[in-house]
Amino acid sequence: GPDLPPGLPASPPNYQLNPVKTLKTNLVGTINMLGLAKRTRARLLLASTSEVYGDPEKHPQSEDYWGNVNPIGPRSCYDEGKRAAEALCYAYKRRSNVDIRVARIFNTYGPRMQMNDGRVVSNFILQALRGQPLTVYGEGDQTRSFQFVTDLVSGLIALMASNYSQPVNLGNPDEHTIGEFARTVLSLANSSAPVHRLQPAKDDPHRRKPDISVAKRELAWQPTVLLRDGLLQTIHYFRHRLSVDEKPQNEL
Ligand code: UDP
């Protein structure tokens, strides 16, 4: 199969390609970084995830919710890996007073995202631009809440500048079903591609939406970019990349 990109991929098809490597990156990688932070007295940022909430029984998800993760399912290498990474952060903090910040990052998109990593935003934009069927897994009534990359970056900067060392959700609470999201992408991309329903993905979280009251209170942060505006910028980027990459050789 294809090689994993360096670092830890967040895309389900990618991290499921090599579940052992995904667990090792989270466990050994986080231990290495916490050891380094301890020795150098550096502040450490853990890029955690909404996946710690699993297929949530609480909606929207706030930081005090402990989650509903299948410990042996196909997503567990990622979900349990990130949960263990959080546990390691708080163990090092208690034991050695390491200065940690923990961001629970919800679905994020924007220009320069990986185009072929198999996640919903990149899949739907590529399919819409190529006039291929949009692949909706299951009924399309599952929901996600998409955050534009610049909002995430400002949240991470505010978190690192703050004195708050408990986990913080960073995401956009604007929630959409995947079926609705497919129609939005088609309309913004001016595409008449059809929508196809495929098999549902196993253990796919049914609903996901961040409760961001902690980030508002502790960081005075909230997202500002509307889905429509962020998607238009992202579609523009994909269109440009496709026109460069797919130009016939003799025109270059
Ligand atoms: N999804 C889909 N078609 C695709 C890719 C994803 O319907 O081509 C759905 C997927 O089942 C999930 C949602 O879109 O409900 C978000 O999936 P993604 O892989 O982007 O990230 P996740 O939030 O699950 O980590």
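Atom set for the values below is all heavy atoms of this structure, side chains included, hydrogens, waters and symmetry mates excluded. Counting starts at 1 for both ligands and their atoms, in listed order. Positions are given from 1 along the sequence.
Under 4.0 Å from ligand 1, the heavy atoms of Asn107 that appear belong solely to its side chain. Both the backbone and the side chain of Arg119 come within 4.0 Å of ligand 1, judged by heavy-atom distances.
Residue Gln127 places every heavy atom at 4.0 Å or more from ligand 1. Assignment of Arg75 to the shell around ligand 1 is supported, since a heavy atom sits closer than 4.0 Å. At least one heavy atom of Phe124 sits closer than 4.0 Å to an atom of ligand 1.
Nearest protein neighbour of atom 5 (C) of ligand 1, counting heavy atoms only, is Tyr137 CE1, 3.3 Å. Among protein heavy atoms, the minimum distance from atom 9 (C) of ligand 1 is reached at Gln142 NE2, 3.9 Å. With hydrogens left out, the protein atom closest to atom 19 (O) of ligand 1 is Pro12 CD, 3.6 Å, a heavy atom. In this structure, the protein non-hydrogen atom closest to atom 13 (C) of ligand 1 is Ile178 CD1, 3.7 Å. Counting protein heavy atoms only, atom 8 (O) of ligand 1 is closest to Asn123 ND2, 2.8 Å. Protein heavy atom in closest approach to atom 16 (C) of ligand 1: Arg144 NE, 3.6 Å.
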Would Thr177 and Thr143 satisfy side chain to side chain contact (heavy atoms under 4.5 Å, CB included), going step by step from the backbone distance to the final call? CA-CA 4 Å; Thr177 69; Thr143 69; 4.0 Å; yes
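Distance check: Met160 CE to Ile157 CD1 gives 10.5 Å after rounding to the nearest 0.5 Å. Note that NE2 of His206 is 10.0 Å distant from NE2 of His59, once rounded to the nearest 0.5 Å. Here CG of Asp229 is found 9.0 Å from CZ of Phe148. Values are rounded to the nearest 0.5 Å. Separation of atoms OH (Tyr92) and NZ (Lys38) is listed at 7.0 Å; rounding is to 0.5 Å.
Against a heavy-atom cut-off of under 4.0 Å, Val136 is close to the following atoms of ligand 1: 7 (O). Each of the atoms 25 (O) of ligand 1 lies under 4.0 Å from some heavy atom of Glu51.
Below 30°, between 30° and 60°, or above 60°: for Tyr109 and Phe146 the angle between ring planes is above 60°, a perpendicular geometry.
Ranked by closest heavy atom to atom 18 (P) of ligand 1, the top entry among Thr135, Val120, Asp204 is Val120.
Glu86 has no carboxylate O lying under 4.0 Å from a charged side-chain N of Arg83, or vice versa, which leaves the two without a salt bridge.
Side-chain N/O atoms of Ser145 and Glu175 include no donor and acceptor closer than 3.5 Å.
Within 6.0 Å of NZ in Lys24 there are 12 or fewer heavy atoms belonging to other residues, nucleotides or ligands.
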